[in-house]
Peer 1: 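Before we start, here is the structure in question, set down as structure tokens.
Below, read A as the first sequence line, B as the second, and so on, with proteins coming before strands; counting in each chain starts at 1.
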2 protein chains.
Amino acid sequence: MSRKRWRSVKEIRIADVARLAGVSTATVSRVLANRGAVTAKTYEVVMEAVHRSGYTPNSVARNLRTRRTMTVLVVVPNLANPVFAQILRGIDDELTQSGYGLVIGNLDNCLEREARYVDLALSRQVDGILLMTGRVPGDDKRHMGDAGLPMVAMCATIGDSRIPNVVVQDREASRAAVQHLVELGHRRLGYVAGPIGNVIEAERFAGFLEGLEDAGLGKQNFVRWEGRFVFSAGVAAAESFLRAKNRPTGIFASCDESAIGFLKTVQAAGLRVPDDVSIVGFDGIEFADYTEPTLTTFQQPLHLLGQRGSAVLLKLMRGEMTSADWSTRLPLTLLARGTTGKAPHARRRSGVA
Amino acid sequence: MSRKRWRSVKEIRIADVARLAGVSTATVSRVLANRGAVTAKTYEVVMEAVHRSGYTPNSVARNLRTRRTMTVLVVVPNLANPVFAQILRGIDDELTQSGYGLVIGNLDNCLEREARYVDLALSRQVDGILLMTGRVPGDDKRHMGDAGLPMVAMCATIGDSRIPNVVVQDREASRAAVQHLVELGHRRLGYVAGPIGNVIEAERFAGFLEGLEDAGLGKQNFVRWEGRFVFSAGVAAAESFLRAKNRPTGIFASCDESAIGFLKTVQAAGLRVPDDVSIVGFDGIEFADYTEPTLTTFQQPLHLLGQRGSAVLLKLMRGEMTSADWSTRLPLTLLARGTTGKAPHARRRSGVA
DNA sequence: ATCGACTTTGTAATCGATTACATCTTTTGA
DNA sequence: TCAAAAGATGTAATCGATTACAAAGTCGAT
């Protein structure tokens, strides 16, 4: 049993540096903050003392006094989803530039864990919040908004118009996905859903329905399989699809993971993609480029999304919001690739097959 | 331009609660910490006041006074790699149980960014460090060890025997990978490397060489392609492989991403896997289960790794280390799946092909 | 030499909790 | 019944920085 004491060497405080330099703590603080006037000579002497002593300011003390932590909390639904890793990169780039750090709050797909991070915010450990989890109306759990901190929603929010949001155009893209399938001749579609109660899912499904309406298709022209934003949801949907008597020919999955799960499962069952069935995913994860055939999907501007979200939060924290900042909606890009092709009957008609 | 002031409502301090309850701040503190004796009545009154006022303690002040933040820094080489998301889950589970929080330091594959997190540690914002990045000898950049905090290395470290480590048996597994290929009749192997200077990579390559030696194979029996832990490295290696005159028949990639990149590229070139070439990956990421054929790989005990690493750090912080805690080496599991099969010549000889 | 304006530096209050110690109250036991 | 012990509560110091304000120093103009 070893009982080594950490930092047994006495900590160096600003007072120690001051003594070493023969000045007051106020002067040391001014030198280090580069604020207030100091003669070149004093500057030199203080810096020398700082280096000799190896002093690093205690930010806990600083944070207490300044009432700021220069840290932003980013609440992420599920870190294992590569989409968020990309967004985080954009956020980090932007925040770092302004001298802010970030703390990641991973919910691991379990909304209850949000409470933990509400506490973090309430206890003054962060200056602002980037929220990537949506909430459904009527949800009265403890809320990030309760912390009374500057906050930006980076996912579709229902209600709460007083929170600025920076989102991608989920609805428009889903609508375009349907259009893409319809243009290829598909008249019977399948929808692989995300988690129930998820706001992003709600947006994507709404867009899907709008797309159907655009094409003059009704309820009888599609099947919806419940799921989540994971591979296995696509597998389950595909199994259900395979058992169906009147199979759709065009599938829209609300995320790439489930699209790939679907793809692999129908292929394993002997179906050809896109000859027998076309599949469109959503997100544009790197892996979608490594399936066979490559997945047709909508590419999210992830890095940009992260940057913009952070930029708005920074403005909010500095009280520099303009009316244009309250809502930002970024477009997605259709990557029309290998998993979508003409519908079987359309191909027959045009003599391709 | 809106200039809303955040928290314009006066903050509630412990003194406010004390006044409301008609007791001293010491008593409020004792009630909230559940430490020291208080009568049931006082407890009631204080709790009532806490709830009425909606008080949440300011942890910055608490951290200053107690000289602890109950937070651990986890330095991760690259968050986009799903391997780390899994490990983080294990870490989070373990730390949360002991009342600790975690801050993720993402290096984004750029070792220079470590300095940022060294600062975080030096400025007393965390109580301990879990380090998942390795260092090569002779590297004299500013070092996490400089912070003088309790630290556990969760990757192969060279030297620095005073830092406890919790790692997977990279070397043994790589050795077993070669054995697996050799048993299938492969006599000429290819090695898709990870980043130069990476300690984990070094371990895996060392194991690869050991495996060759076990089989009585020498330098002339393998090709090594430099790479990184990303898809594109596998693609590049495969392109090089395709151009070679005397192609290896068994490939070992030091991570699943590059293995999959390799797989897709040789398949695109018309080769059959595993008939023409066998591939073994490393890590056991979820996606390795979704390739066609499914990737043969070594499964890392990621969640366990995270848990064990955290458990050791907790002991270290509490001064409860036993000699067994200084080094933990977890075994990997071979998932012998679709991408490995008998070597072409072996198949001919045994009349399979 | 004196005054005012400006620059530089120091003194001490402050941020909001925890906690050692002192004080007061209650209980225990002879 | 009273001293001693145990229990409950309060007072004030403390953690280590920042910063308002005061004080001292510098300089040029009169």
Side-chain angles (χ1 to χ4, degrees), chain A residues 6-7 9-47 49-50 53-71 99 119-120 122-125 127, chain B residues 6-7 9-47 49-50 53-71 99 119-120 122-125 127:
Chain A
W6 295 99
R7 294 200 202 274
V9 183
K10 194 163 172 300
E11 300 268 329
I12 298 139
R13 303 183 325 285
I14 196 170
D16 302 317
V17 178
R19 198 174 318 115
L20 199 61
V23 299
S24 73
T25 62
T27 301
V28 177
S29 179
R30 277 188 283 254
V31 167
L32 265 56
N34 247 335
R35 177 202 333 279
V38 262
T39 49
K41 172 116 188 257
T42 311
Y43 182 91
E44 284 281 307
V45 173
V46 169
M47 278 316 221
V50 165
S53 62
Y55 170 71
T56 315
N58 180 325
S59 358
V60 176
R62 169 185 297 165
N63 293 346
L64 175 60
R65 175 63 225 235
T66 61
R67 297 157 142 281
R68 284 181 311 163
T69 59
M70 297 303 279
T71 301
D119 280 338
L120 196 79
L122 278 170
S123 62
R124 322 297 134 81
Q125 306 204 74
D127 296 344
Chain B
W6 294 99
R7 293 201 201 277
V9 182
K10 193 162 175 299
E11 300 267 330
I12 298 138
R13 302 184 323 291
I14 196 171
D16 301 319
V17 177
R19 199 173 320 114
L20 199 62
V23 298
S24 72
T25 61
T27 301
V28 176
S29 179
R30 277 188 283 255
V31 166
L32 263 58
N34 245 335
R35 179 202 330 282
V38 263
T39 49
K41 174 120 187 254
T42 309
Y43 182 90
E44 285 281 305
V45 174
V46 170
M47 278 316 222
V50 166
S53 60
Y55 169 71
T56 317
N58 179 326
S59 352
V60 176
R62 168 186 294 164
N63 294 346
L64 176 60
R65 174 63 224 230
T66 61
R67 299 154 140 282
R68 284 181 312 164
T69 59
M70 297 305 280
T71 301
D119 281 338
L120 195 80
L122 278 169
S123 62
R124 321 297 133 84
Q125 307 204 72
D127 297 343

Peer 1: Looking at CG of A/Asp119 and CD of A/Gln125, how far apart are the two atoms once the value is rounded to the nearest 0.5 Å?
Peer 2: 9.5 Å
Peer 1: Which pair of non-hydrogen atoms, one from B/Val17 and one from B/Ser53, has the smallest distance, and what is that distance?
Peer 2: CG2-OG, 3.7 Å
Peer 1: Please name the pair of heavy atoms, one in B/Met70 and one in B/Asp127, separated by the smallest distance, quoted to 0.1 Å.
Peer 2: N-OD2, 2.7 Å
Peer 1: Identify each atom pair where a protein N or O and an N or O of nucleotides 12-14 of chain D are less than 3.5 Å apart, giving names and distance.
Peer 2:
{"residue": "D/dT14", "atom": "O2", "partner": "B/Arg65", "partner atom": "NH1", "Å": "2.7"}

Peer 1: Should A/Thr66 be listed as having a side-chain N or O under 4.0 Å from OP1 or OP2 of D/dT18?
Peer 2: no
Peer 1: How is B/Tyr43 classified with respect to the nucleic acid when contacts are heavy atoms under 4.0 Å: base, sugar-phosphate, or nothing?
Peer 2: nothing
Peer 1: Just how far is it from atom CD1 of B/Ile14 to atom OG1 of B/Thr27, taken to the nearest 0.5 Å?
Peer 2: 9.5 Å
Peer 1: Report each atom pair, protein N/O against N/O of nucleotides 4-8 of chain D, whose distance is under 3.5 angstrom.
Peer 2:
none

Peer 1: Roughly how many Å is it from CG in A/Leu32 to C1' in D/dT19, rounded to a whole number?
Peer 2: 15 Å
Peer 1: Given atom CZ of A/Arg124 and atom P of C/dG16, what is their separation to the nearest angstrom?
Peer 2: 9 Å
Peer 1: With distance as the sole test, does A/Ser29 use its side chain to make a donor-acceptor pair with the main-chain N or O of A/Thr25 at under 3.5 Å?
Peer 2: no
Peer 1: Is the phosphate of C/dG16, meaning OP1 or OP2, less than 4.0 Å from a side-chain N or O of B/Arg13?
Peer 2: yes
Peer 1: Could you pull out the protein-nucleic contacts involving nucleotides 21-28 of chain D (nitrogen or oxygen on both sides, under 3.5 Å)?
Peer 2:
none

Peer 1: Determine the minimum heavy-atom distance between B/Leu64 and A/Val60, stating which atoms define it.
Peer 2: N-CG1, 3.4 Å
Peer 1: List the atom of B/Ala49, the atom of B/Leu20, and the distance in Å for their closest heavy-atom pair.
Peer 2: O-CD2, 3.7 Å
Peer 1: Specify the separation, in whole Å, of atom CZ of B/Arg62 and atom C1' of C/dG16.
Peer 2: 11 Å
Peer 1: Rounded to whole Å, please give me the gap between CD in A/Gln125 and C1' in C/dC15.
Peer 2: 15 Å
Peer 1: How far does OH of B/Tyr55 sit from CG of B/Asp16, to the nearest 0.5 angstrom?
Peer 2: 9.0 Å
Peer 1: To check you understand the geometry: which heavy-atom pair defines the closest contact between A/Ala21 and A/Val46, and what is its length?
Peer 2: CB-CA, 4.1 Å
Peer 1: Can you tell me how far C1' of D/dT11 sits from CZ of B/Arg19, to the nearest Å?
Peer 2: 16 Å
Peer 1: How is A/Val23 classified with respect to the nucleic acid when contacts are heavy atoms under 4.0 Å: base, sugar-phosphate, or nothing?
Peer 2: sugar-phosphate
Peer 1: On DNA chain D, compare the nucleotides closest to B/Ser24 and B/Leu64; which residue's is nearer the 5' end?
Peer 2: B/Ser24
Peer 1: To the nearest 0.5 Å, what is the distance between CZ on A/Arg124 and CG on B/Asn63?
Peer 2: 13.0 Å
Peer 1: Is there a side-chain polar atom (N or O) of B/Arg35 under 4.0 Å from OP1 or OP2 of C/dT18?
Peer 2: no
Peer 1: Which value, rounded to the nearest 0.5 Å, describes the distance between B/Leu120 atom CG and B/Thr71 atom OG1?
Peer 2: 9.5 Å
Peer 1: Remember a base hit wins even if backbone is also touched, and classify A/Thr27 as base, sugar-phosphate or nothing at under 4.0 Å, heavy atoms.
Peer 2: sugar-phosphate
Peer 1: With distance as the sole test, does A/Ser59 use its side chain to make a donor-acceptor pair with the main-chain N or O of B/Ser123 at under 3.5 Å?
Peer 2: yes
